[in-house]
Amino acid sequence: MGLYVHLTVNSHNLTSQQWETTYQESLELLQKFPVPLMRRRVEKIQQYRRVVYTGNLVDQVDTDEEHWEIVGDFSSYRHAETASLYRRMPLVSSDQDVLWAEESEIDYVNGNGVDLFGNKTQGYPYHLAVLAVGILFESRFPNNVYVFGDIDRSQVEHTILWINSVLSSPVTLPICLDGPRLLTRLKSAYQPAETLAIERFSTLFLGTNEEKLATLLQHADRTLVLQKWRHDLASYSSLSQFGAIDLLSQILTVTQNLRQLIDLVSDARKEPKQFPLEELLKVLCQKFITIDKPEREPLFMFTSSSEHLATIEDTFGQVFMRLAGAPSFTDFYLPREELLEIFCHYAPQQRDTFQNLITDGEKKCREELEQTKTLLATLEEKAETVDPGPPRLSVPTGFQEVVGPDSNQSSAPAPEEEYILDQVVNQARTFHSSEEEIKEVGLQLQTLIKKHAEVFASTDRQYYLYGIYQASSQQGFGLRESAWQVIDKEDNLDLLRSLLALASVDERAQDFWQWRIYVLEHPALWPYLIGGETQLPRFHTLPSLPKVKRK
């Protein structure tokens, strides 16, 4: 599972010069991104490899293979998979609309072209840089390019605001977020088969499901839209399944017409039997429709904020919360008395059954509201009484991180940059250790060094440097270019021994893995790693100790 940005390109009638001009604009965007972006490259020294994160984004400069790559940013230090773009235009050409797809592939996001991105950004801050380039290319070539992926209107609008502050020629909203424009274009591409246009629209539109349905009901053949809705609902065996609940919620939110919903549900499955009315009422009552909207406010804690990028961790969290039964609501309200009368209109003989379902459903909703309020109060209380813990290590005066400045900013950020910078602050990796905690790790490393004395006996500094390179490759971590430069200049053998031991520890726990990188990239912390014996070493072996030829 991952979060992506896709950039689909059909080069029909485009020239190489047009493409290269926009490529240069994309470079300008990346270079002016509010925080410094980074590229991952593998560097070979002798026969040893090491992973380097560099701010030099362009590779193969002034050749036919020139391209830029980004994998994350230096300020949050969040990185995922590489997004790249070549100066050379892709030669994929067709006179069909780039949004078009064969009927057999109409439910796939792939369009009539080649996807130039498509790797995981996981919603980390550089996701916005990739998105900015996608918006740029679609705006410059609206008939040949479209941007798609795990993006929403809020992040797109903020990104457009920033792009237009950087470039002289403005960019516009991507078509997959502009419902009426997207539907009009798809109708033309699939004419006269409007059913296919509706199917393709449902695949490509990136607004909410409610916005999708509202657009279709307003701008497409209403009969065809409702026919598709009924067909989708009929694919479920029960109205209490997640997908069925979503369909019910969408139509009720958009139309605000409960009687129409009941009629649609009744028509959805004629065979082998209709969905029972009592099942529909039970599902609706669980969606808080008899609870006045202001009372539902505590439930907002279970929804994601549109002002923050949803990371892969957030996405998993939302999925797990829903599977665990976190309460959710439908944007529709009806007093219980009116709800009862509407259902009794269809089946007056079931009045008592309906009355009991409404009573039980509202009772359960109010219990969930009280539980949510209690949870909120507990979280607020914990936030106010959190123990700051022991004093944290203060970095010696004059210390600078090996990466230099954390931002491209030399002054206060401009308003159009604030959204991007907020995402960086929200996601920034932070590591704090007390002096004693780091010394404790140092003591454990010294125990390992003595235990493997034959490995650490060399007095050749190059031996240790090569060992650190190989250990980083084996353990799968990379360092910033500037950090490697500092390590390469280190001549204190005791420090190098400790760094080699730290780099070689075969521990894949995420917290330790990230903490190790943090220490290796902060030279001011290295002296704390030189200690003495400890009676309880945490790391007993070095199974991944690099096999470096010792001189």
Taking side chain to side chain donor-acceptor pair (under 3.5 Å) as the test, write out the residues that go with Asn112, two or more places apart. Ser94
Distance-only criterion, 3.5 Å: show the donor-acceptor pairs between side-chain atoms of residues 161-172 and protein atoms not counting sequence neighbours.
{"from": "Asn164", "atom 1": "OD1", "to": "Val171", "atom 2": "N", "distance (Å)": "2.8"}
{"from": "Ser165", "atom 1": "OG", "to": "Trp162", "atom 2": "O", "distance (Å)": "2.6"}

By side chain to side chain donor-acceptor pair (under 3.5 Å), which residues pair with Asn426, not counting sequence neighbours? His308
Taking ring-ring contact (aromatic ring centres under 6.0 Å, His included) as the cut-off, I'd like each qualifying pair that reaches into residues 123-146, sequence neighbours left out, listed once. Trp19-Phe137
Is it the case that the side chains of Gln241 and Ser238 hold a donor-acceptor pair, with the cut-off being a distance below 3.5 Å and no angle test? no
Mind checking whether Leu264 and Leu226 have side chains closer than 4.5 Å, heavy atoms only? yes
Return each pair, listed once, that meets side-chain hydrogen bond (donor to acceptor under 3.5 Å, both in side chains) where at least one residue sits in residues 218-227; pairs must be two or more places apart or across chains. none
Can you find a side-chain donor-acceptor pair between Lys287 and Ser249 that sits under 3.5 Å? no
What residues form a salt bridge (Lys or Arg N to Asp or Glu O under 4.0 Å) with Arg88, not counting sequence neighbours? Glu65
According to salt bridge (Lys or Arg N to Asp or Glu O under 4.0 Å), who are the partners of Arg200, at least two apart in sequence or on a separate chain? none
Results of side chain to side chain donor-acceptor pair (under 3.5 Å) for Glu481 - residues two or more places apart only: Arg41, Thr54
For Lys228, give me all partners under salt bridge (Lys or Arg N to Asp or Glu O under 4.0 Å), at least two apart in sequence or on another chain. Asp232
Those residues at least two apart in sequence (or on a different chain) that pass salt bridge (Lys or Arg N to Asp or Glu O under 4.0 Å) with Asp150 are none
Test of understanding: with side-chain contact (heavy atoms from CB on, under 4.5 Å), list the residues that count as partners of Asn110, not counting sequence neighbours. Tyr108
Under the rule for side chain to side chain donor-acceptor pair (under 3.5 Å), what residues qualify as partners of Glu66, not counting sequence neighbours? Tyr23, Arg87
